[in-house]
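Following: one structure in C-alpha cells, then a few remarks.
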Number of protein chains: 2
Amino acid sequence: MELTKSNHLDDAVCPVARTADIISGKWTLLIIRDLAAGVKRFNQLERSLNGISPKTLSERLRSLEEEGIITRRTFAEVPPRVEYSLTEKGLDLVYVIESMRSYGKRWLCNQ
Amino acid sequence: MELTKSNHLDDAVCPVARTADIISGKWTLLIIRDLAAGVKRFNQLERSLNGISPKTLSERLRSLEEEGIITRRTFAEVPPRVEYSLTEKGLDLVYVIESMRSYGKRWLCNQ
DNA sequence: CCGAATCCTTTGGGATACTG
DNA sequence: CAGTATCCCAAAGGATTCGG
C-alpha cells in the first residue's frame, strides 16, 4: 500500500483529490448509493434521502449528470416521468462506497 | 455487491453516511493521505498541503484527533516539536483512499 | 410529478497578525 | 515551531413558493 508524495503540483492531478472533489458535497454519495440499488425517480430520491430539499437534489443530479456519472431519462407522459440511473462511470464509484461501508461498519457503527 | 435500502432511519446509522461525515471537509482526506506516508510535523503538513491555512490545518488535526484517527505527540524541546501519525483507525482509512485513487486514475486522470 | 425561482441562513475556510 | 485569534467572504444548502 503505497501513497504518492504530495505537493501542490501533484495535487492538481492527484487522483485522490480529484475523486474527493466529485464526491464531496453533503448528499452526493448518498444519491449514488441509492441509485446503485437501481433506477429511481426524482421523488423516490427525495423520499429516500430524507431531509434533502428539492433545490439541492436538483442541483446534485444536474452536476452528476454533467460529470457523466448519472443518466437522466425523460418520458413524454402525463404526469411527467423522469428516471435517473448510474452510468458505467457512476457504477464504478460503488467500489468506493463499499470501502466506505466496510470502514463505517468496522469503526463507526460498533458492529 | 449489495447496497442497503436507504430511508431516514437507516441513514442515522448508515456506515456510508457516517464515513462520509468523517472524511468530508476540503483537506481531511489529503491530511490522512499524507500521514499514511509516515509521521509528520505541523509545518511539514502545512507545506505538503499547499495552500492550507494554519487555522484550517489546526482545526482538522484537532477533530481528527478527537475522532481517534490521528495521534498527537508532543516533545518537551526547544523549539517545540509535535508529531502527528495515524492510529489503527486512521490507517484503515487508507483502503478508502486507495479505492478513490483507483477510481480517479481510471476516470478522472485520463490514464 | 418534476423541478425552477427566490430568499435567506449557516459555515467552511482564507488572510493575516500575533503568542508561548 | 506550533499553533491561536480575528475578521471576512463565498458558497452550500434549507424553506418556501410557483410553473410546465
Side-chain angles (χ1 to χ4, degrees), chain A residues 6 8 11-12 14 17 19-35 38-67 69-85, chain B residues 6 8 11-12 17 19-35 38-67 69-86:
Chain A
S6 64
H8 101 283
D11 279 356
C14 171
T19 305
D21 279 346
I22 288 211
I23 65 181
S24 67
K26 190 172 176 183
W27 297 100
T28 311
L29 237 4
L30 302 181
I31 292 174
I32 296 167
R33 179 200 59 184
D34 288 355
L35 288 182
V39 176
K40 293 243 180 323
R41 301 174 61 166
F42 189 89
N43 75 346
Q44 284 185 294
L45 289 169
E46 206 171 3
R47 271 179 280 114
S48 67
L49 300 165
N50 200 277
I52 196 173
S53 70
K55 174 197 168 190
T56 302
L57 179 55
S58 179
E59 283 174 357
R60 288 284 162 275
L61 289 172
R62 186 192 321 283
S63 55
L64 286 173
E65 190 191 3
E66 283 169 2
E67 285 158 343
I69 288 174
I70 68 175
T71 300
R72 181 180 187 270
R73 185 176 178 200
T74 58
F75 296 82
E77 301 178 355
V78 178
R81 176 159 60 115
V82 180
E83 291 182 347
Y84 296 92
S85 56
Chain B
S6 65
H8 102 282
D11 279 356
T19 305
D21 279 347
I22 287 211
I23 65 181
S24 67
K26 189 171 176 184
W27 298 100
T28 311
L29 240 0
L30 302 181
I31 292 175
I32 296 167
R33 179 200 59 183
D34 289 354
L35 288 183
V39 175
K40 294 244 179 323
R41 300 174 62 165
F42 189 89
N43 76 345
Q44 284 185 294
L45 289 170
E46 207 171 4
R47 271 179 278 115
S48 66
L49 300 165
N50 200 277
I52 196 173
S53 69
K55 174 197 167 190
T56 302
L57 179 55
S58 179
E59 283 174 356
R60 288 283 164 278
L61 289 172
R62 186 191 316 284
S63 55
L64 286 173
E65 190 192 4
E66 282 169 2
E67 285 157 343
I69 287 174
I70 67 176
T71 300
R72 181 180 186 271
R73 185 176 178 199
T74 58
F75 296 82
E77 302 177 355
V78 178
R81 176 158 60 114
V82 181
E83 291 182 346
Y84 295 92
S85 56
L86 293 181

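Because the structure is predicted, anything quoted here is derived from the model rather than measured. Convention: sequence-line order gives letters A, B, ...; per-chain numbering from 1.
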In terms of the nearest nucleotide of DNA chain C, which residue is placed more toward the 5' end: B/Glu59 or A/Pro79?
A/Pro79
Integer-rounded Å distance: [N] [atom2] and [X] [atom1]:
{"X": "A/Gln44", "N": "C/dG3", "atom1": "CD", "atom2": "C1'", "answer": "16 Å"}
{"X": "A/Arg81", "N": "D/dG20", "atom1": "CZ", "atom2": "P", "answer": "23 Å"}
{"X": "B/Phe42", "N": "C/dG20", "atom1": "CZ", "atom2": "C1'", "answer": "15 Å"}
{"X": "B/Arg47", "N": "D/dA2", "atom1": "CZ", "atom2": "C1'", "answer": "13 Å"}
{"X": "A/Asp21", "N": "C/dG12", "atom1": "CG", "atom2": "C1'", "answer": "15 Å"}
{"X": "B/Lys26", "N": "C/dA15", "atom1": "NZ", "atom2": "C1'", "answer": "13 Å"}
{"X": "A/Leu57", "N": "C/dG3", "atom1": "CG", "atom2": "P", "answer": "8 Å"}
{"X": "A/Glu65", "N": "C/dG3", "atom1": "CD", "atom2": "C1'", "answer": "13 Å"}

Nearest heavy-atom approach of B/Arg41 to B/Pro80 is NH2-O, 3.6 Å
Taking all non-hydrogen atoms of both residues into account, name the closest pair between B/Tyr84 and B/Leu35 and its distance.
O-CD2, 3.5 Å
Given [options], identify the nucleotide with an atom nearest to the side chain of [X].
{"X": "A/Arg62", "options": "C/dA4, D/dA2, C/dG3", "value": "C/dA4"}
{"X": "B/Pro54", "options": "C/dA17, D/dC1, D/dG20", "value": "C/dA17"}
{"X": "B/Pro80", "options": "C/dG3, D/dA2, C/dC2", "value": "D/dA2"}

Tell me whether the side-chain N/O atoms of [X] come closer than 4.0 Å to OP1 or OP2 in [N].
{"X": "A/Ser58", "N": "C/dA4", "answer": "yes"}
{"X": "A/Tyr84", "N": "C/dG3", "answer": "yes"}
{"X": "A/Arg72", "N": "C/dG3", "answer": "yes"}
{"X": "A/Ser53", "N": "D/dA15", "answer": "no"}

Going through the checks in order, is the side-chain contact (heavy atoms from CB on, under 4.5 Å) test met by A/Leu61 and A/Glu65?
CA-CA 6 Å; A/Leu61 289 172; A/Glu65 190 191 3; over 6 Å; no
For B/Lys40, which of B/Leu45, B/Leu86, B/Ile31 qualifies under side-chain contact (heavy atoms from CB on, under 4.5 Å)?
B/Leu45
Among all residues two or more places apart in sequence or in another chain, which pass the side-chain contact (heavy atoms from CB on, under 4.5 Å) test with A/Ser24?
none
Would you mind classifying the nucleic acid contact of A/Phe75 as base, sugar-phosphate or nothing, using non-hydrogen atoms under 4.0 angstrom?
nothing
Would you indicate what A/Lys55 reaches in the nucleic acid, counting non-hydrogen atoms under 4.0 angstrom: base, sugar-phosphate, or nothing?
base
